[in-house]
Structure formats: C-alpha cells, structure tokens
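Structure, as structure tokens:
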Amino acid sequence: MDNSADETSTAGHKFILFVTGMSVKSGHAIENLRRICDKYLQNNYELEIVDISRDSEKALVHQIVAIPTLIKTHPAPRRIIIGDLSDNEKVLKILNLSE
Amino acid sequence: MAYKKTKSQQFIFPKSPTGIDGLDEITNGGFPKGRPTLICGGAGCGKTLLSMQFLIKGITEHNEPGVFMSFEEPSDDLTLNVKSLGFDIEKLKADKKLIVDHVRVERSEIEEAGEYDLDGLFIRLGHAIDSIKATRVVLDTIESLFGGLDNQAILRAELRRLFHWLKAKGVTAIVTGERGEATLTRQGLEEYVSDCVIVLDHRVIDQVSTRRLRIVKYRGSTHGTNEYPFLIDADGISVLPITSLKLDNDVSSDIISTGVPGLDEMFHSGGFYRGSNTLISGTAGTAKTTIASYFANEQCNKNEKTIYFAFEESPQQLIRNMKSIGVDLEKHIKKGTLQIHSSRPSLNGLELHLLTLRKLIKEFQPTTIIIDPISNLITVGSQDEVRSMLVRLIDMLKANNITVLFTSLNKRTDKFRPDLAEESVSSLVDIWITVRDMEGIGERNRGIFIVKARGMGHSNQVREFVITDQGMELLDVELGPKGILTGSERQSHRIEKKMSDMKHQNEIIRKDREIERKRKALEANIEALRNEFESAEEELNILKATEELYAKLTSKKKKE
C-alpha cells in the first residue's frame, strides 16, 4: 500500500459516521464533517451515516463504543476518530487533508 | 409479643443467588438484585472467573439469561478459559441464554477530536440485554476504557451514568475493576456508585498463596465482614466461610470404642461419642500414630468407613509399621472400608488441603476420619490460618456427624504444654488425650492420660502403657509410696514386694517354729516337775512307810 497517497487523489474518500438519533453531539459531528468534506474533498467522497439506536448490529460489527465515531474506510490506512469533530485542525491532520 | 414484632419487621432484601459455593452464605443470599456490584482485585485473583460463574450459574440454576461484556479477553479465549472449568459457553450462546460481547478499544487506532459519549456502549449493552431478556450482566473490566481513551473527565462521567443506567435497567450487574494504589479501584469511582463491593485478594505468605475474598460494602443488607479464603479448582470458585454461622448440628449419644484395650475403661462411658473429635497430643515417639491406627482398625472392624490422612508416612510405610505390632490395616483397604491418603503438608496451601479433605469426604462418605498429625500443617500457614482452617474442618465434620481423631506433635518444652497445635485446637476438641514420656532413672516410659472429655466422666490417672509385638497394652496401676510407678520402678517395686512377702512368710514360719519349740520346752519342764514331784511323793511315801514300820516295831516291843 505504498501508493496509497496516489489513490487519495483518484478515488474518493469513504466515511462511515456512527451517531445516535438526534443527540446534540451527533448533530455537531454531522455538521462538522460535512463542512470539512465540502471544503477539502468537494464532491469526491462517500459518507454513510449509521444511527446505531436503530441499527445496533452495526455497532457490534464495527466495535463502536463512543458516539459519535467516524471511520475512514478508504483510502487506507483505516482511521477511527471519536468526538464531534469540533477540533478542526486535528481532524484534518488525522485524515491527512491539508491544502 | 417480642417475637411477633421482630417477625413483622423482617424484610428480605431482594437478592440474586450467586451460585458460588459459600458466597451466598456470607452475603446472606447473593448479590443485590437489580443493582450493580463491584468486584475488584489485582491480577489473577479470579475476578473474571467469579463473574462468569455468576452468569453461568444464573442461567443453569435460576434460568436468568446473562450478558458478558468483556473489555479484555476476546470471546473465544474466554470460552476456552472457562471450558477447563466445565462451563460450556458455546451451548449457552446457541440456546440464546448468554451473549458474550468483546469490546475492543485500541488506543493506537483511535483518535479523539471533540466531545463524545459512550452511547455506543450503552446501545450495544442495551441491545444485548433486550435480545435475550437478560437479568444478569457482567462488565469485565470496564476501566480498560481508561487505557483506550484519553478524556478522563468524559469517561468518569460516563461511568457514573453507566451505573445509573444499569440500575434503571433493573439488571443485576457485576462490574470488575483492578485494584488501585490507595483506593479500591484505579479510578476510585466505582466503589462509590456500586451497591455492593467485594474485594478479591491474592497473597503469598511463607511461599504459600491463598486467595481471599472480603465484602467491603453491601447497601441495605447485613453480610459477613471477615476475609474469607476461597479456592479455584476444577469446579470453579468455592468460598469457605471461616466459621459456620450456627452450631446446631445433631449430636449422637452412641459410644464407639477407642480400640485400645484398657483405654475404654478410662472413660466412664466406655469410649468416644460418635461424631466427637478427639485430640491425641504428645512429643515425638509417644505412640500417637499407634493409637490412631488402633482406632482406625477398630472402626474398620465394625465396617465404619474410615479415611486416614497421613502427613508423615506413606500408606505402605504405615501398613508395615502397624503390622509389626499386630494391626493389619491392609485387609481393611482391600475390603474397601479404609483409605489412606498421604501427602506432604507443604504440597499445597491450607485451603487446598481443606478442599481435598472436603472432596474426599463427599466422595467416600466416611464416618471416621483420622488426621495424623495436624501439627504438621503449621509449617504451611500461620497459627491463625491453621486455627481458622481447623475450625472450619471441625465444623464441616461435625455437620456430617463424622468422628475425628487428630494427632498433634508437641515440641518438647519444659512446660510440656501448651503447644501451637494444641493451643489452636484444644478448645475446639471434645476429647483431649495426652501421651507422655516419663523419663527418669535412665529409662523412658510412656504414659497416657485424659486431659478433658466433654460430656463424660473420665479417669484422672496417668496410665502406663507398653507396645509389644502383640500390640499396645495399658498396664494396671501400680501404686508406690510416692504415687504411680512405671517402668523399672514398677518392676523393682514388684520384686521388693515379692521379697517382703517372702520375708513375711518366713517370719511367720519361724515364729510358728519358735512357739512349737517353746511349747516343747514347756512340756519338758512340766514333765521334769512332774518327775520331781513324783520322786518327792515317792520319798514321802517311803518315809511314811518307814515310820509305820518303826511304829509297828515299837508297839510290838512294848507288848512283849
């Protein structure tokens, strides 16, 4: 996976964001993520939002403990960020997005 | 009236039986129902096992489904680990009675950016509980989360919320925690929000490790407050309460013989009570084992099942030695009435010894047990530990109405008692027999006496006994001028007595003869006197005759 950096530009980013219902933190996380993606990835990304209060099986499969949790499944490496993503700089650094 | 009042005040706190041997006894029925219980302790003291046993026994014995949320071990490892203890998790999982969820939090994989909560965990747990209608939940070990996540403030708040949530859910929960430096748990939080706190401990004293359990807190209920040793063996955890809370076992008035000829007579009732416990103490080489073997032999002859625990000799050695004095233990073993178990006391800790005894008693169902000697156990534990172990042992045996005979080796001291083992047991035993060396004038004799015998009169004498090829024999009491005589004193006393008897006899014969002689002398005297008298009489007669003749002659002359 040496050429992962190259893939970033060609194939889009894939995210799964785990939230619970209408909690405030979940709302913030969705907002923050949308803002970041719109700014740095334009439309070149896929975002799946899972509400584990309805789909609790998924929480098991992905080993979700904290809410909200963002999992970047593509490109590699897989990264997991927990929190409402309000720390903009840190999120960008983790996702390797800086322009 | 008073009785009625107390009865109306009785309120039974709802509890969930733990299914762990002995733990229900000391918690008065189990863990608080519908509330969280904290089990904390260091590594390797059995937290996971205890909680797993709680879940599994809940399912198998009380039909209460359970959820096990593991933060440390993967589900498969857990299955394997408890399988060796005879718990089949896979089957319970298939029957939808048990859910095992491994929560994995890898610090290296997770980054934190902003506020979060542990709703994910709550939802997973809630889902698991709802899907099998679980009433028992275990979280093992929740504080691993603190290792995986950074924001301590959030975690503490969430942990608190979790306890309240568990309570609101109405599940009986066990939360395990690692022991902290100064507090019971690392975070110092769980013990305050839990309704019941149990501390497990694993200590090594004198190279022997013992696991202990203590109930630190139990809201709304009384509980045993001591530290209770517990064991992990092939059947899981069993806690051994230090003392049975009641002393209400049935007692028997049957008398059983000691098997030693002469010893029975020292008890007014002619032997021990069935179910009593007897201590035979004495210094080295005072025939404690011999007395014990005699008792074993006697019981076996009456078809009473007997177990002989030998901490000093191997069974073969014991059999050989006893054969030399005419006690055949081998035939009883062949018949199946006797078992001899030999082990070194240092082989395992006291608790394990106790457990072994317990197991054997359960399996073999003996009516008689001999432990030879208990003093050897002191090498394994401190005096207190030995005492507590013996108390529990005696309680257990009493409850089963088993007759016990302990031997105890005394140290040779000037005071010759009390010794460690004696001190710790003597108040517990019903009958205490002491065998003693009686040393003096270049020889050693053995004496036996009864120190105490609860509920029966007994002799106050120190009886000498001898061991010959024919066996053991109590000798008759030989009273000398200064008390009871033993050994060569006894013999010399006997000889002296014989001699004086003979002398006496001779004296009588001599006196008889003297009288005879005197009588003879007297008779001779009488004869002599009589002879004298006769001769005097004769003389007189002659004189008289002469006189007459003279008178006749003179009268004739006058006539002429």
Would you sort out whether A/Val19 and A/Val50 count as a side-chain contact (heavy atoms from CB on, under 4.5 Å), showing the intermediate values?
CA-CA 6 Å; A/Val19 294; A/Val50 178; over 6 Å; no

Which is it for B/Leu50 and B/Ile20 under the side-chain contact (heavy atoms from CB on, under 4.5 Å) test, yes or no, and what are the steps along the way?
CA-CA 8 Å; B/Leu50 195 148; B/Ile20 294 161; 3.7 Å; yes

Contacting region of B/Val103 [heavy-atom separation from chain A under 4.5 Å]:
both

Among all residues two or more places apart in sequence or in another chain, which pass the side-chain contact (heavy atoms from CB on, under 4.5 Å) test with B/Leu80?
none

So for B/Leu149, is it side chain, backbone, both, or neither that comes closer than 4.5 Å to the heavy atoms of chain A?
side chain

Chain B heavy atoms under 4.5 Å from A/Ile94: which part of the residue, side chain, backbone, both or neither?
side chain

Check every N and O of chain A against chain B and note each donor-acceptor pair under 3.5 Å, with its distance.
from: A/Lys25; atom 1: NZ; to: B/Asp117; atom 2: OD2; distance (Å): 3.4
from: A/Ser56; atom 1: OG; to: B/His127; atom 2: ND1; distance (Å): 3.0
from: A/Glu57; atom 1: OE2; to: B/His127; atom 2: NE2; distance (Å): 3.0
from: A/Gln63; atom 1: OE1; to: B/Arg104; atom 2: N; distance (Å): 2.7
from: A/Gln63; atom 1: OE1; to: B/Arg124; atom 2: NH2; distance (Å): 3.2
from: A/Gln63; atom 1: NE2; to: B/His102; atom 2: O; distance (Å): 2.6
from: A/Ile64; atom 1: O; to: B/Arg124; atom 2: NH1; distance (Å): 2.8
from: A/Val65; atom 1: O; to: B/Gly120; atom 2: N; distance (Å): 3.0
from: A/Val65; atom 1: O; to: B/Leu121; atom 2: N; distance (Å): 2.9
from: A/Ile67; atom 1: N; to: B/Asp117; atom 2: O; distance (Å): 2.7
from: A/Ile67; atom 1: O; to: B/Asp117; atom 2: N; distance (Å): 2.8
from: A/Arg79; atom 1: NH2; to: B/Glu111; atom 2: OE2; distance (Å): 2.9
from: A/Ile80; atom 1: N; to: B/Glu109; atom 2: O; distance (Å): 3.4
from: A/Ile80; atom 1: O; to: B/Glu111; atom 2: N; distance (Å): 2.8
from: A/Ile82; atom 1: N; to: B/Glu111; atom 2: O; distance (Å): 2.8
from: A/Ile82; atom 1: O; to: B/Ala113; atom 2: N; distance (Å): 2.8
from: A/Asp84; atom 1: N; to: B/Ala113; atom 2: O; distance (Å): 3.3
from: A/Asp84; atom 1: N; to: B/Glu115; atom 2: O; distance (Å): 2.7
from: A/Asp84; atom 1: OD1; to: B/Glu115; atom 2: N; distance (Å): 3.1
from: A/Leu85; atom 1: N; to: B/Ala113; atom 2: O; distance (Å): 2.8
from: A/Lys90; atom 1: NZ; to: B/Glu112; atom 2: O; distance (Å): 2.7

Can you tell which of A/Leu85, A/Ile64, A/Ile82 has the highest number of heavy-atom pairs within less than 4.5 Å of chain B?
A/Ile82

Nearest non-hydrogen partners of B/Val105 and B/Gly148, listed with the distance:
CG1-CA, 3.8 Å

Does any part of the side chain of B/Phe31, heavy atoms only, come nearer than 4.5 Å to the side chain of B/Ile174, both counted from C-beta?
yes

Under the ring pair (Phe, Tyr, Trp, His ring centres under 6.0 Å) rule, collect the residues that match up with B/Phe87, sequence neighbours excluded.
none

Enumerate the residue pairs fulfilling ring-ring contact (aromatic ring centres under 6.0 Å, His included) with a member in residues 129-158 of chain B, sequence neighbours excluded, ordered by first and then second residue.
none

Chain A heavy atoms under 4.5 Å from B/Leu125: which part of the residue, side chain, backbone, both or neither?
neither

Would you check, one step at a time, whether the test side-chain contact (heavy atoms from CB on, under 4.5 Å) holds for B/Leu213 with B/Val199?
CA-CA 6 Å; B/Leu213 174 149; B/Val199 175; over 6 Å; no

